[in-house]
Protein chains: 2
Amino acid sequence: MKAVSGILLMADLASILQQHNLRKTKFRIELLQLFSETTSSLTAEEIKKRVGKTNDKVTIYRALDAFEKSGLIHKVPDKSNLTRYAMCHTNCSAHAHIDNHAHFICTECNETFCMDEIEVPKMKQHGDFQIKTSNLTLEGNCPKCI
Amino acid sequence: MKAVSGILLMADLASILQQHNLRKTKFRIELLQLFSETTSSLTAEEIKKRVGKTNDKVTIYRALDAFEKSGLIHKVPDKSNLTRYAMCHTNCSAHAHIDNHAHFICTECNETFCMDEIEVPKMKQHGDFQIKTSNLTLEGNCPKCI
DNA sequence: TAATAAACGCAACTCAGTTGCTTTAATGTG
DNA sequence: CACATTAAAGCAACTGAGTTGCGTTTATTA
Ligand SMILES: [Mn+2]
Ligand SMILES: [Mn+2]
Ligand SMILES: [Zn+2]
Ligand SMILES: [Zn+2]
């Protein structure tokens, strides 16, 4: 699959859905475009506000599940018990989901940003604890909120 | 304030509450003891099950808020959208809340452990992002679940 | 174009956490 | 100890994100 970052053309969006075994419905194309445009992350509620036709929230939740399972988006940490998603910038699929970078949460606007350049320190073991994955979350002020 | 780790005597528990401007009620003493005994973390629901008298959930939530504000406990990351707390092992207060260590989530039992020994990598800036705090969360299997 | 299965839409539900308000009990003072 | 004060407890009703079931629509495929 090709990398999905930056703004994409309609044709790209449709073919990305196809490549992930998702049907190219009006809503899902719009949703994928929304994710490709945003530099930070989205909640179900934010999506509902920004999408043209007011879709049912169930449709949004199920689309998010489907996108996540097929490796198009991934959950990002969030302070307020909301589920936030961001587009996978690396090439992920249902079988190999790579999200090996730090995340930044702005304490002002509560947005979460993927910091693709900052690598997460890896360790395998600590005492009797077997470590499989590591997550690094940074907090502070984003460029907008400084 | 003295360090609060390991099992504490009733007298200690009461005086710790006092030092944090909290009243020494039966329930709060029991709650503090529960936290001092557990090596991992607790949710409101887990507390409800383990505490002797079946207290109202509102009482539990308000006690958790009060304990957190006064620096006795701190939130720990949790996968399942639940709010988990663990006892502060360092000396925290309402004014200075230090929680400068990694956290480990067991993917098997969903428990969260404070890894006091693992330090979190610190950085101040990245591009236009101003970083104030960093959190390192590790996932894998805890000693019980290996 | 017809069959099929995915996606959508609606209603009802779940469940952690919250809010308002009254009652109980811990604390401090005389 | 007796009383006033105020934190904490208790109860009921509510909130809001996310879920489940099921019937309908629409994209895909043959
Ligand atoms: Mn990310
Ligand atoms: Mn901790
Ligand atoms: Zn911001
Ligand atoms: Zn475990």
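Values below: all heavy atoms of this structure, side chains included; hydrogens, waters and symmetry mates excluded. Per chain, numbering begins at 1; letters A, B, ... match sequence-line order.
Atoms OH (B:Tyr61) and C1' (D:dC11) sit 16 Å apart, rounded to a whole Å. In this entry the distance linking CZ of B:Arg84 with C1' of C:dG17 reads 16 Å, nearest Å. Taking atom CG on A:Leu42 and atom P on D:dG18, their separation rounds to 13 Å, with Å as the unit. The distance between atom CG of B:Leu17 and atom P of D:dA7, rounded to the nearest whole Å, is 16 Å. Rounded to whole Å, the distance from NZ on B:Lys48 to C1' on C:dA16 is 11 Å. Atom NZ of A:Lys57 is separated from atom C1' of C:dC13 by 10 Å (rounded to the nearest Å). Whole-Å rounding puts the A:His20 NE2 to C:dA6 P distance at 18 Å. In this structure, B:Asn21 places its CG atom 14 Å from C1' of D:dA8, rounding to the nearest Å.
Regarding contacts with the backbone of D:dA8, every side-chain N or O of B:Thr59 stays at 4.0 angstrom or more from both OP1 and OP2. Neither OP1 nor OP2 of D:dA27 sits under 4.0 Å from any side-chain N or O of A:Arg28. Neither OP1 nor OP2 of D:dA9 sits under 4.0 Å from any side-chain N or O of B:Asn55.
Heavy atoms from other residues, nucleotides or ligands lying under 6.0 Å from NZ of A:Lys122 number more than 12. When the shell of 6.0 Å around CG of A:Asp65 is examined, it contains more than 12 heavy atoms from other residues, nucleotides or ligands.
For the side chain to side chain donor-acceptor pair (under 3.5 Å) test, no residue two or more places apart in sequence or in another chain qualifies with A:Thr112. By the salt bridge (charged side-chain N to carboxylate O under 4.0 Å, His left out) test, B:Lys79 is found to be paired with B:Glu139, residues two or more places apart in sequence or in another chain being considered. Applying the side chain to side chain contact (heavy atoms under 4.5 Å, CB included) rule to B:Lys26 yields no partners; only residues at least two apart in sequence or on another chain are considered.
Within the 4.0 angstrom heavy-atom criterion, no nucleotide atom of any strand lies near A:Thr43.
In terms of position along DNA chain D, the nucleotide closest to B:Arg62 lies nearer the 5' end than the nucleotide closest to the other residue of the pair B:Arg62 and B:Asn81. In terms of position along DNA chain C, the nucleotide closest to A:Ala63 lies nearer the 5' end than the nucleotide closest to the other residue of the pair A:Ala63 and A:Val58.
With hydrophobic clusters built from ILVMFWY side chains whose heavy atoms lie under 4.5 angstrom apart, A:Val51 shares a cluster with A:Leu72. There is no path of hydrophobic side-chain contacts, each under 4.5 Å, that joins B:Phe27 to B:Val58.
Residue A:Asp56 places its side chain closer to C:dC10 than to any other of C:dC10, D:dA17, D:dC11. Each of D:dC11, D:dA8, C:dC8 was ranked by its minimum atom distance to the side chain of A:Lys53; first place goes to C:dC8.
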- Treat primed atoms plus P, OP1 and OP2 as sugar-phosphate and everything else as base, then score nucleotides 24-30 of chain C 5' to 3': B for base contact with protein heavy atoms under 4.0 Å, S for sugar-phosphate contact only, - for none. -BBS---
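A donor-acceptor distance shorter than 3.5 angstrom exists from the side chain of A:Thr107 to the backbone of A:Gly140, with no hydrogens or angles considered.
Among pairs with a residue in residues 117-138 of chain B, those fulfilling ring-ring contact (aromatic ring centres under 6.0 Å, His included) read A:Phe104-B:Phe129, A:Phe113-B:Phe129, at least two apart in sequence or across chains.
End-to-end axis angle for the helix from C:dT1-D:dA30 to C:dG30-D:dC1, using five pairs per end and rounding to 10°, comes out at 30°.
Comment: B:Arg84 engages B:Glu46 in a salt bridge, judged by a side-chain N to carboxylate O separation of less than 4.0 angstrom.
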